[in-house]
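Scroll down for the structure; my scribbles are underneath it.
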Amino acid sequence: MNHRSLLLSAACVSALGILAACEKTPPEPAPSASAARPAETVPPPAPATQPSAVAAVPSVVGSISMSELGPLQDPKEAKTLPAPADVAAPPNDAKKTASGLALKVLTPGTGKERPGPDDKVKVHYTGWTADGKMFDSSVARGEPTSFRVSGVIKGWTEGLQLMTAGEKARLWIPAKLAYGETPAQPGMPAGMLVFDVELLEIATAPKAPAVPPDVKAAPATAKKTESGLAYRVLQKGTGTRHPKPTDRVKVHYSGWTPDGKMFDSSVTRGEPTAFGLNGVIKGWTEGVQLMVEGERTRFWIPGALAYGDTPRPGAPGGPLVFDIELLAIETPPAAP
């Protein structure tokens, strides 16, 4: 997902949080993979990790987060759809949640299952401000959009989980669950927003990997390096060369704290991530260089090689455990 989000509480440490550069400089609007910035805890009804990336343009629903939803349309070019009669406030028959979200079913769904926070959905939608001004619409563009439920503004993350496939609903999203009263990024709509959302499809997320039995501490059979990094090969690789710090690698990974809490996983997102090996936390830079393509290894990374014992908000502190599968090594071309 190519998005940067106001949902992300700490804009620099990634869901995987391995970008070391983030600890030194503020994020810039450039594409990145899920190893770029931290995930925020998703509001009820269910928590989930979320990927992070940065979009060059603001998006419709995902705060600065969902360019999959498309950039905000130019009002001069967009086909205007009339605002609902109840755009200014939810009617009495709308259901309201504890968070302040209001929802009214316009067309009942044909399915029974509701999406979870890690599931991907395909939707059609139109959004208006409370004064009836349309600021974006996939309907007007004539093309539905797909994204991960936990990758959008809080009001959408919560509201979608109350819907079933085939259902069309109207959401009244208070500012605190959208972009706020004074959005951080120019061009984003402020205050309460109203969306008509049609949930077209649900793609169930892959099952989360099991917590490693040795997540609390490295076993005696694990190898240790001078830096304090411990590792154990879980699956032998098919390649012969090791990546260099200047290489770009593609991996699948899952990360846990020693108490068995998974804080991020590319596996549950259903897509691997790629990054420059010299741009990640020290434990990853050192550890991945010990691997070959096709290899899957478990790493016990001390806090000093990760985010430290007192990390910034949103980043996991202390020692961390990662299962990493090295899928590919991409060596950059030699400089002229």
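With Tyr125 as the partner, the side chain to side chain contact (heavy atoms under 4.5 Å, CB included) test is satisfied by one option alone out of Val139, Asp196, Thr145: Thr145. Checking Trp300, Phe263, Trp256 one by one against Phe322, the ring pair (Phe, Tyr, Trp, His ring centres under 6.0 Å) holds for a single residue, Phe263.
Annotation: side chain of Ile173 is not in contact with side chain of Val194 (no heavy-atom distance under 4.5 Å). Residues Thr126 and Leu81 meet the side-chain proximity criterion, which asks for heavy atoms closer than 4.5 Å. Two residues are said to be in side-chain contact when any heavy atoms from C-beta on lie closer than 4.5 Å; Met262 and Thr268 meet this criterion. No side-chain heavy atom of Thr164 sits under 4.5 Å from any side-chain heavy atom of Leu199. A heavy-atom distance below 4.5 Å is not found between the side chains of Val123 and Ser146. In this structure, the side chains of Arg269 and Pro206 stay at 4.5 Å or more apart for every pair of heavy atoms.
Looking at residues two or more places apart in sequence or on another chain, you find no side chain to side chain donor-acceptor pair (under 3.5 Å) involving Thr204.
In plain terms, the two heavy atoms of Gly191 and Ala178 that are nearest each other are O-CB, 4.5 Å. The two residues Pro115 and Val149 have their closest heavy-atom pair at CB-CG2, 4.0 Å. Listed here is the closest heavy atom pair of Ser254 and Ser265: OG-OG, 2.7 Å. Of all the heavy atoms in Pro243 and Val288, the pair that sits closest is CG-O, 3.3 Å. In this structure, Pro189 and Thr129 approach most closely via the heavy-atom pair CB-CG2, 4.1 Å. The two atoms that bring His124 and Gly142 nearest to each other are CE1-C, 4.4 Å, heavy atoms only.
Taken from CH2 in Trp156 to OG in Ser150, the straight-line distance is 14.0 Å, to the nearest 0.5 Å. Atoms OG1 and NE2, on Thr273 and His252 in that order, are 9.5 Å from each other to the nearest 0.5 Å. Summarising the geometry, atom OG1 belonging to Thr246 is positioned 8.5 Å from atom CG belonging to Leu277; distances are rounded to the nearest 0.5 Å. Distance CG/Leu320 to CG/Asp264: 11.0 Å, rounded to 0.5 Å. Of the inter-residue distances, the one linking Phe195 atom CZ with Trp172 atom CH2 reads 13.0 Å to the nearest 0.5 angstrom. We find the CG-CE distance between Leu177 and Met192 to be 12.0 Å, quoted to the nearest 0.5 Å.
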Quiz item: Step by step, would you call Ile324 with Phe299 a side-chain contact (heavy atoms from CB on, under 4.5 Å)?
Solution: CA-CA 8 Å; Ile324 302 175; Phe299 293 95; 3.7 Å; yes

Exercise. Apply side-chain contact (heavy atoms from CB on, under 4.5 Å) to the pair Leu305 and Ser227, showing each step before the final yes or no.
Key: CA-CA 8 Å; Leu305 301 181; Ser227 68; 3.5 Å; yes

Exercise. Verify side-chain contact (heavy atoms from CB on, under 4.5 Å) between Arg298 and Arg232, making sure each step is shown before the conclusion.
Key: CA-CA 5 Å; Arg298 180 165 298 149; Arg232 181 167 70 89; 3.2 Å; yes

Practice problem: Tell me, with the steps shown, if Val321 and Ile301 meet side-chain contact (heavy atoms from CB on, under 4.5 Å). | Solution: CA-CA 6 Å; Val321 178; Ile301 301 178; over 6 Å; no

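Residues Glu167 and Thr107 bring no donor and acceptor atom of their side chains to less than 3.5 Å of each other. Side-chain atoms of Ser99 and Glu158 include a donor-acceptor pair closer than 3.5 Å.
The hydrophobic clustering, which links ILVMFWY residues whose side-chain heavy atoms are closer than 4.5 Å, places Val233 and Leu229 apart.
Environment of CD in Glu330: crowded, with over 12 heavy atoms of neighbouring residues, nucleotides or ligands closer than 6.0 Å.
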Less than 3.5 Å apart, which donor and acceptor atoms pair up between the side chains of residues 289-297 and the rest of the protein, not counting sequence neighbours?
residue: Gln289; atom: NE2; partner: Thr285; partner atom: O; Å: 2.8
residue: Glu293; atom: OE2; partner: Ile329; partner atom: N; Å: 2.8
residue: Glu295; atom: OE2; partner: Thr297; partner atom: OG1; Å: 2.8

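Using a 4.0 Å cut-off between charged side-chain N and carboxylate O, Lys120 and Glu271 make a salt bridge. Taking the charged nitrogens against the carboxylate oxygens, Asp93 and Lys104 do have a contact shorter than 4.0 Å, which makes a salt bridge. In this structure, Lys216 does not pair ionically with Asp259, as no charged nitrogen and carboxylate oxygen lie closer than 4.0 Å.
Panel note: side chain Asp119, backbone Ile202; no donor-acceptor pair is recorded below 3.5 Å. Under the 3.5 Å distance criterion, the side-chain polar atoms of Ser266 are matched with a main-chain donor or acceptor of Tyr253.
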